[in-house]
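Written out below as structure tokens is the structure these notes cover.
In each ligand, atom 1 is the first atom listed, and ligand 1 is the first ligand listed.
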Amino acid sequence: MVVVANPLDQRSLVRSPKPGAYFCGVPVINLGEPGSAAAIVKACQDFGFFKVVNHGIPIDLMANLEKEAVKFFSLPQLEKEKSGPPNPFGYGNKRIGPNGDVGWVEYLLFGVVSKPFSYTLMAFLREPSASSFRSALNEYISAVRKLASEVLELMAEELKIEPRNAFRLSCSLTGFGEHTDPQIISILRSNDTQGLQIALRDGSWVSVPPDQESFFINVGDSLQVMTNGRFKSVKHRVLANGMKSRVSMIYFGGPPQTETIAPLTQLMREGEQSLYREFTWGEYKKAAYKSRLADNRLGQFEKK
Ligand SMILES: O=C(O)CCC(=O)C(=O)O
Ligand SMILES: [Fe+2]
């Protein structure tokens with residue numbers, strides 16, 4: 001979860017979209033309808049982004065975790081820091097703007113490799129009083145994990161993979177800068193605070209209308225490579241208006257650390273060449289840490 005603080009000094013940088021300025025072209029995939037697989041593939045090609053409705057995940061489950069997250073982020077700073085730093089998982093906050101990106105985020109990062117989920121290192125989750133947080137977290141992660149496999153299967157039979165997962169709770173008042181997500185897919189649920197924008201293929205930015213009952217799915221850089229560029233990872237950013245926190249829960253499905261990220265042979269036409277040189281997820285993450293948020297990180301792995 002990402003939280004943005006210091007709203008006052010950044011307020012002038014962001015503007016709420018005017019009524020009617022929301023983009024109404026975000027593809028909406030109804031998971032209960034036949035033909036959703038083809039619609040997902042088209043959305044991944046055209047936008048690298050879509051919204052999922054009729055997903056079968058009860059709204060209560062999202063609302064419960066949101067409530068617990070807000071409770072945590074409202075704790076005094078010293079209390080929160082007892083669950084950090086996020087090495088690799090835990091509480092963190094950082095200014096993400098040293099390279100010109102707007103924003104400061106506060107988050108809780110969880111690893112989701114197996115059950116029980118690896119959150120035992122976080123001080124507050126060990127407290128008996130955190131039992132409602134633990135159960136909200138477990139229920140939400142189990143549900144969203146199932147949704148991730150369902151969506152990956154619909155994208156392509158060949159994507160029946162068990163991704164390595166991470167999960168982040170975040171809360172932000174000012175938003176943060178443009179980037180693509182490095183993983184395979186990200187499944188985002190936010191409260192009803194506006195702010196998410198995506199870049200269309202022509203480079204223009206559009207505002208995504210908030211919808212706290214639905215999930216938004218991003219194609220990540222790894223999936224762009226696995227489909228040899230057919231699916232495009234979507235550039236996105238958050239411009240919150242500084243008035244109301246945007247609380248997000250993001251599930252990232254990524255490749256295992258040592259796995260080579262390369263186009264899936266089943267998806268390649270005869271004679272089709274990979275657009276990328278081979279690299280592992282570990283290498284990619286290292287490159288991502290060294291780069292700036294808005295950099296085209298995949299560029300250095302493209303075959304010239
Ligand atoms: O908070 C959001 O809506 C988006 C967050 C995001 O893009 C990310 O954490 O990668
Ligand atoms: Fe993102």
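The N, O or S atom of His179 with the smallest distance to the Fe ion (ligand 2) is NE2. Looking at Asp181, its N, O or S atom nearest to the Fe ion (ligand 2) turns out to be OD1.
Ligand 1 places these atoms under 4.0 Å from at least one heavy atom of Ser190: 3 (O). Using a 4.0 Å cut-off to heavy atoms of Leu188, the atoms of ligand 1 that qualify are 2 (C), 3 (O). Taking every heavy atom of Arg168 and a limit of under 4.0 angstrom, the matching atoms of ligand 1 come to 8 (C), 9 (O), 10 (O). Shown in contact with Val238 at under 4.0 Å from a heavy atom are these atoms of ligand 1, numbered in order with element: 1 (O), 2 (C), 3 (O), 4 (C). For ligand 1, the atoms lying closer than 4.0 Å to a non-hydrogen atom of Ile250 are 5 (C), 6 (C), 8 (C), 9 (O). If you number the atoms of ligand 1 from 1 as listed, the ones under 4.0 Å from a heavy atom of Arg246 come out as 1 (O), 2 (C), 3 (O).
Under the 4.5 Å side-chain heavy-atom criterion for ILVMFWY residues, no single connected hydrophobic cluster contains both Leu264 and Met268. Taken together through direct or relayed side-chain contacts under 4.5 Å among Ile, Leu, Val, Met, Phe, Trp and Tyr, Leu78 and Tyr107 form parts of separate hydrophobic clusters. In this structure, Phe89 is a member of the same hydrophobic cluster as Leu75, with clusters built from ILVMFWY side-chain heavy atoms closer than 4.5 Å.
Side-chain polar atoms of Tyr284 and Asp221 form a donor-acceptor pair below 3.5 angstrom.
Between the side chain of Glu272 and the backbone N or O of Arg269, at least one donor-acceptor pair lies under 3.5 Å.
Taking the charged nitrogens against the carboxylate oxygens, Lys232 and Asp46 have no contact shorter than 4.0 Å, which rules out a salt bridge.
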